[in-house]
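Worksheet for the structure shown next.
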Amino acid sequence: MRTSGWIQLAFYVVALALITKPMGLYLLRVLDANGKTWLDPLLRPLERITYRLMGVKSDQEHDWKQYTVAMLLFSLVSCLFTYAILRLQHLLPLNPQGLGALTPHLAFNTAVSFTTNTNWQSYVGETTMSYLSQMVALTIHNFASAAVGIALAAALVRGIARHSARTLGNFWVDLVRLTYYLLLPICVVFAGVLVSQGMIQNFKPYTKAKLVEPYKISVEKKNDKGETVLGADGKPVMEGQTVDEQVIVQGPMASQVAIKMLGTNGGGYANANAAHPFENPTPLSNFLQMLSIFSIGSGLTYYLGRMTKNQAHGWAVWSAMTILFLAGVLACWWAESAGNSIHQHLGVAAADGNMEGKEVRFGIFNSALFATITTDASCGAVNSMHDSFTALGGLVPLFNIQLGEIIFGGVGAGLYGMLVFVVLAVFIAGLMVGRTPEYLGKKIEAYDVKMAMLSLLVLCLSILGFAAWASVSQWGLAGLNNNGPHGLSEMLYAFSSGTGNNGSAFAGLTTNTPWYNTTLGLAMLIGRFLMIVPIMALAGSLARKKIAPASTGTFPVSGGTFVVLLLGTVLLIGALNFLPVIALGPIVEHFLTLQGKLF
Amino acid sequence: MKTFFSEIRGAVMATLILAVVCCGLYPLVVFGIAQVCFPAKANGSLIVEKDGTIRGSELLGQNFAAEKYFHPRPSAAGNGYDATSSGGSNLGPTSQKLNDAIKDRVDAYRKENGMKETDAVPADAVTASGSGLDPHISLRNAELQTARVAKARQLDAAKVRALIQQNTDAPDMGFLGEPGVNVLKLNLALDRL
């Protein structure tokens, strides 16, 4: 844990704190249907035409049920749109590599994955997706699922802020305004900056480069039909082949990567995601990508403070998130710096830490920082391979996801996830002192607590249920890349990531099979929509309540006591749900590593 | 029911409009900016020789095995530095396979570079990167290979060190990230001597 790491960490936290207020103030204008921004002259006309084409009356607000139905319908239609493109890829234009259609289960998995802001990728981008699929079928969800997430968070915040009210805003207005005024303008600038660092943005076919030093490989011999030729011993016949060129991937990468980060989608253009030198060329591009992941989630805490007229509450939520974030970074950074004692016995320099799956330009610190950020938020982009982290280093991203990605979190999803914990925290505080729990002057009643608990239990059930099923099934074990406890971690991580709509992976697991694609697709749907519906019900219930004036007995939702209580609630629920299974995976693996046991 | 159908219309139109704006206009605007402001970078930072031959990309590593070249990190991308199948080994900390591979690489690295049995080997030299296309090696790794390359090319080690320095990418703004030596650029510079 060198000094340079501490400096970079301090720089990151300060930068994040500094952008929180401006982002929050801007969100306030975007999320107000009549809010004014300096982009109005350019975008107002486009906004009006959009409403007209959609047949939306922008001055009519939705109640919680109408808001939820509109959101579900939009998700369904856009998901089918993507499914259709992926299945028809071979017939559609912008496919210079002549790539074929996706299988039904892979297309289902991918369409659901992008619709739910998960961006789990069972495929290899470079050899599966045409430019059209990348640009349209996938990128549309990078915008739409991000806007939907923020819209839902805004609806919940309105529910908390309003009283004796029925409506929570207009879903279509939120969707359009967030896309036009927030996501698109930032992405244009951000993508330009990324290209300046070396990211590609073109429509050329892949480039062939002549290698400086050609080399020989041995490959399985194929006959004319492309079948492997078997020798007398039944094993494939090997033949030498000289590789003298490198095929360099091209395409519209920067435009997709900008929104993948800002919208916490995380789906990589290339298979290696943000570890790929094109997709993350320099430490500066890496820093900006990490900052963009948290930017909207952080701004939303300020938005919460403004809307509820209790800025200290907004900052208290921000502080709780930052404390959990720092704890994760430090644990992961420490574990990765310490490295793997098994490899150190073989002669690997101990001071270098665990470099398997990491890039030289990022080093240990930026890999650990990125891994923590991408799983605190529901981003899921990776700049190093989490599967090759040390046991404890890999535990941090896994546990971050299992906590519900409420540490700044996915755009919108982080805030509404955290607010569920806030409701539970004030409920627990109320029980402890024997008073009716209140949140910002509103009584928290049985119905509200039921909805909050429901949204949490759904996640726990999906993660543990599917992971348990996979670990005792042939289809589950067939995909493993590692044996021993690490194999369990791979499956557990996959279903945590799917349910949590994260999208990062212990990527050794082969999931492009009918069983995995289908079960992971279901986990993603459950994790997104079965969590959202109870939360929207909670929003509707909160909006209807009257506000009681604060008295001396009111529990304050700002300050140190509240932050500690909130942290306690998050950690207690996370630990109760997941500690047993984590003990069987990463924790056992840690002790086996210390003993030098191999699988 | 009437409102339900109007909501479906909203959903369909929203999908189509967003597809046009976010997936048509937006990438084209970025494409325009990129091609006007940073054409070389937007097209892959290609290294093109005077006769037009493309030798690779400044950002992507390549395989090197000859004594006279600096060697990159081990790669898990395809058969090694296959730029169409980027990725890491994804082998975990207790993997027998990873353990065996590292053992072989440590032995080979020590032998190639005339190191003692007890000398520690830089971690980046014996582990695969996340992308399998890492263009860099660490400064220590480059230093340990210098004597071998200088000998194979009958060059003064000081001259090789000067080239290493020229092809080292320093941390951004002086403190972001880690320094690394760009292996492809370094080897091309050596060939040009």
Side-chain angles (χ1 to χ4, degrees), chain A residues 50 53-55 70 73-74 77-78 81 126 135-136 139-140 143 172 191-192 195-196 198 200-202 209-210 213 215 217 246-248 252 255 270-272 275-277 283-284 287 340 343 346-349 352 355-357 359-361 363 384-385 387 390 481-482 486 507-508 593 598-599, chain B residues 6-7 9-15 17-19 22-23 27 30-31 33-34 38 41-45 53-54 56-57 59-60 62-64 79 83-84 86-88 90 92-96 99 102-103 106 120-124 127 129-131 133-136 138 172 175-178 180:
Chain A
T50 308
L53 287 172
M54 287 167 60
L73 277 176
F74 173 67
V77 169
S78 56
F81 172 77
E126 297 96 316
M135 246 174 74
V136 180
T139 303
I140 187 175
F143 281 96
W172 302 112
V195 174
S196 81
I200 52 173
Q201 177 74 11
N202 60 56
K210 201 164 166 296
E213 187 195 356
Y215 62 99
I217 52 167
Q246 186 180 41
V247 179
I248 295 175
S255 51
N271 187 45
H276 194 291
L284 182 61
F287 175 81
N340 184 330
H343 300 159
L346 297 174
V348 178
D352 290 355
M355 281 298 284
E356 181 70 27
E359 303 284 298
V360 167
R361 64 192 179 284
S384 55
M385 296 302 136
D387 211 347
T390 59
N481 186 44
N482 285 278
H486 201 77
T593 311
L598 294 169
F599 295 92
Chain B
S6 79
E7 296 291 71
R9 175 188 162 197
V12 172
M13 289 310 292
T15 304
I17 295 168
L18 286 185
C22 302
C23 312
V30 176
F31 174 72
I33 296 172
F38 314 101
K41 287 181 167 162
N43 293 314
S45 309
T53 321
I54 298 168
S57 163
L59 295 174
L60 305 181
Q62 288 183 7
N63 260 328
F64 286 99
N79 288 307
T84 56
S86 58
N90 286 313
T94 51
S95 159
Q96 179 79 51
N99 183 71
I102 288 182
K103 191 167 186 303
V106 166
V121 172
D124 68 291
T127 53
S129 62
S131 64
L133 300 169
D134 195 342
H136 295 111
S138 68
D172 280 331
F175 69 97
L176 283 179
E178 307 288 331

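These numbers were taken from a predicted model, which means no experiment stands behind them. In what follows, every chain begins at residue 1, and chains take the letters A, B, ... in the order their sequences are listed.
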What is the distance from atom [atom1] of [X] to atom [atom2] of [Y], rounded to the nearest 0.5 Å?
{"X": "A:Asn482", "Y": "B:Ser95", "atom1": "CG", "atom2": "OG", "answer": "5.5 Å"}
{"X": "A:Asn340", "Y": "B:Thr127", "atom1": "CG", "atom2": "OG1", "answer": "11.0 Å"}
{"X": "B:Ser129", "Y": "B:His136", "atom1": "OG", "atom2": "NE2", "answer": "11.5 Å"}

Exercise for review: Counting only heavy atoms closer than 4.5 Å, note whether B:Leu59 contacts chain A via side chain, backbone, both or neither.
Suggested key: both
Check your understanding: Between B:Val12 and chain A, which part of the residue has a heavy atom less than 4.5 Å away: side chain, backbone, both or neither?
Key -> both
Against chain B, label [X] side chain, backbone, both or neither, depending on which of its atoms sit under 4.5 Å from a heavy atom there.
{"X": "A:Thr593", "result": "both"}
{"X": "A:Ile217", "result": "side chain"}
{"X": "A:Phe599", "result": "both"}
{"X": "A:His486", "result": "side chain"}

Point to revise | Residue pair A:Gln201, A:Ser255: steps toward the side-chain contact (heavy atoms from CB on, under 4.5 Å) verdict | key: CA-CA 7 Å; A:Gln201 177 74 11; A:Ser255 51; 3.2 Å; yes
Revision key, fill the gap. Sorted by chain and number, sequence neighbours left out, salt bridge (charged side-chain N to carboxylate O under 4.0 Å, His left out) with A:Glu359 holds for A:Arg361
Review point. Heavy-atom distance under 4.5 Å between the side chains of B:Thr15 and A:Ser78, does that happen here?
Key: yes
Counting heavy-atom pairs closer than 4.5 Å to chain B, which one of [options] comes out on top?
{"options": "A:Phe81, A:Phe287, A:Trp172, A:Phe74", "result": "A:Trp172"}
{"options": "A:Met135, A:Met385, A:Glu356, A:Met355", "result": "A:Glu356"}
{"options": "A:Ala275, A:Pro277, A:Ala209", "result": "A:Pro277"}
{"options": "A:Thr139, A:Thr390, A:Leu73", "result": "A:Leu73"}

Review point. Chain A: which of B:Thr53, B:Asn63, B:Ile17 shares the most heavy-atom pairs with it under 4.5 Å?
Key: B:Asn63
**Study point:** Residues forming a ring-ring contact (aromatic ring centres under 6.0 Å, His included) with A:Phe143, sequence neighbours excluded
**Key:** B:Tyr26
